[in-house]
Amino acid sequence: MGFVKAENFTDQELLNFIKDDSYNEYLAKKADKVRQEIYGKDVYVRGLIEFTNFCKNDCYYCGIRKSNSNIERYRLSFDEILMCAKIGYKLGYRTFVLQGGEDLSYKDEDICKIVEEIKKIHPDCAITLSIGERSKKSYKKFFEAGADRFLLREESSSKDHYYKIHPKEMSFENRRKALFDLKEIGFQVGGGFMVDSPYQTDEDLISDLRFLQKLKPDMIGIGPYLSQHDTPFKNMKNGSYKKTLRLISILRLMFPYCLIPATTALGTINPFGREEGLKAGANVLMPNLSPTSYRELYSLYDNKICTGDEAAECRNCLELRIKKAGYNIVTHRGDVSFYKKMYE
Ligand code: 5AD
Ligand code: FES
């Protein structure tokens, strides 16, 4: 492990990289080298528990938005969530990501109870929450209950663009503030965005990268925008696979220490997307642990992969894929490199 300087690309350099498919190999090679310096061949796995598909928001791109009356809604019970974690623990996961729509039927106390109970049974595990915007006070309670990390993609750092993909009832400012609140409280924080979400320009992407430079997150999740047939954006084009890979490499170069997943969306747009994501500089995979009977219902976008596979099948499949691509699965918590401090 060494100190690798974070690249500070100019806007023009970024623009050239973002626009041009011929940079993929060049960027991936550089990014893989940087990742290798800090994290070697290690790939961190996180067990994803999609515990509710109820959502009070109405993001235009998202299949579980509240106005979608064509999906069946579900909530996992407290015991079902614990069971997912137990199965996950047996399979070697030491991080659980509790993800859901913004479902206020879970009061702060309910979330705390889930976190506390998982921590009590599996004290060597990290818990990541991905449950959207709540007040700073609520976030503090979750942290005190034992949650370690929080994923909240900013989705767009350009105000104009933000309101092209979100209804006016949602707040651009609040989302950004939430990320800084989470950081201040002590969470390891993850931001991110979709690549080629409708109306996104290359300049918007640059502003996303600049925002992340200000936030200095521990984790950054990106994936291509994928259309979902029951949303207002159903006729919008899917994002570019190669551009997403390029952006993963750019992120690795700008944020050498970051935990960057090869996302399910990337694996959905291309059958080898996750492997190629790793080769482009990603170092995290987040396989699904939710019971298969609910998987189809967490349909943020169409054709999502792995909806029929049991947790154990996903685990085996991933292990084979990761090994074949030349990487190793890590089965400890996998916190962000301690070297992150050197970049602050
Ligand atoms: N295509 C790709 N990604 C999506 N997300 C939501 N809807 C879609 C879609 N249609 C992403 C958002 C969210 C994350 C959980 O999934 O960026 O933050
Ligand atoms: Fe649920 Fe966007 S539709 S947060």
Side-chain angles (χ1 to χ4, degrees), residues 1-2 4 17 21-48 88 91-95 97 128 151 190 192 195 218-224 226 238-289 303-337 339:
M1 273 198 222
V4 190
F17 291 149
D21 270 6
S22 68
Y23 279 113
N24 272 63
E25 221 183 291
Y26 165 78
L27 289 169
K29 261 203 184 125
K30 272 183 83 144
D32 194 49
K33 207 166 149 233
V34 166
R35 183 268 302 280
Q36 184 90 13
E37 282 283 318
I38 302 174
Y39 290 108
K41 293 270 181 201
D42 289 351
V43 173
Y44 301 93
V45 286
R46 280 74 166 94
L48 182 64
L91 292 171
Y93 297 109
R94 294 296 177 268
T95 291
V97 182
T128 307
L151 301 177
V195 176
D218 304 274
M219 306 163 279
I220 305 175
I222 67 167
L226 298 170
N238 284 347
S240 154
Y241 171 56
K242 290 193 83 177
K243 189 171 173 183
T244 308
L245 290 175
R246 258 181 344 268
L247 275 154
I248 289 178
S249 302
I250 292 170
L251 288 171
R252 173 62 61 206
L253 294 168
M254 292 175 73
F255 306 91
Y257 54 83
C258 252
L259 293 164
I260 302 174
T263 53
T264 306
L266 191 62
T268 297
I269 201 167
N270 183 292
F272 291 102
R274 286 169 302 170
E275 284 88 338
E276 292 300 314
L278 295 178
K279 290 181 189 166
N283 64 341
V284 175
L285 289 169
M286 297 167 63
N288 209 313
L289 275 180
N303 306 315
K304 197 172 153 205
I305 50 169
C306 307
T307 51
D309 300 313
E310 290 294 345
E313 291 173 302
C314 276
R315 177 66 171 76
N316 291 338
C317 161
L318 274 187
E319 177 136 9
L320 286 174
R321 282 168 175 261
I322 292 174
K323 281 200 176 137
K324 212 165 159 209
Y327 299 96
N328 353 303
I329 285 197
V330 174
T331 47
H332 57 73
R333 281 171 49 130
D335 290 288
V336 71
S337 163
Y339 289 94

Residues passing the side-chain contact (heavy atoms from CB on, under 4.5 Å) test with Y26, sequence neighbours excluded, are F17, Y23, K30

In sequence, state the C-alpha distance, the side-chain angles, and the governing distance for T95 and T128, and then conclude on side chain to side chain contact (heavy atoms under 4.5 Å, CB included). CA-CA 7 Å; T95 291; T128 307; 3.6 Å; yes

Note: A280 and S249 closest approach over all heavy atoms is O-OG, 2.8 Å

message = If the threshold is 4.0 Å, N to carboxylate O, is there a salt bridge linking D32 and K29?
response = no

By side-chain contact (heavy atoms from CB on, under 4.5 Å), D335 pairs with (sequence neighbours left out) R149, Q188, R333

In terms of heavy-atom contacts, T244 and I222 come closest through O-CD1, 3.9 Å

Donor-acceptor side-chain pairing of R246 and N24 below 3.5 angstrom: yes

Residues passing the salt bridge (charged side-chain N to carboxylate O under 4.0 Å, His left out) test with D218, sequence neighbours excluded, are K340

L27 and L253 have their tightest heavy-atom pair at CD2-CD1, 4.0 Å

Salt bridge (charged side-chain N to carboxylate O under 4.0 Å, His left out) filter on E319, not counting sequence neighbours, yields R315, K323

The ring-ring contact (aromatic ring centres under 6.0 Å, His included) partners of Y257 (sequence neighbours excluded) come to Y343

Heavy atoms of A31 and G281 approach each other most closely as CB-CA, 4.3 Å

Taking every heavy atom of V34 against every heavy atom of V4, the minimum-distance pair comes out as CG2-CG1, 3.8 Å

request  = Evaluate the side chain to side chain contact (heavy atoms under 4.5 Å, CB included) criterion for residues R274 and L285: first the C-alpha distance (whole Å), next the side-chain angles of each, then the deciding distance (0.1 Å), finally the verdict.
outcome  = CA-CA 8 Å; R274 286 169 302 170; L285 289 169; 4.0 Å; yes

So salt bridge (Lys or Arg N to Asp or Glu O under 4.0 Å) across residues 258-272, not counting sequence neighbours, yields none

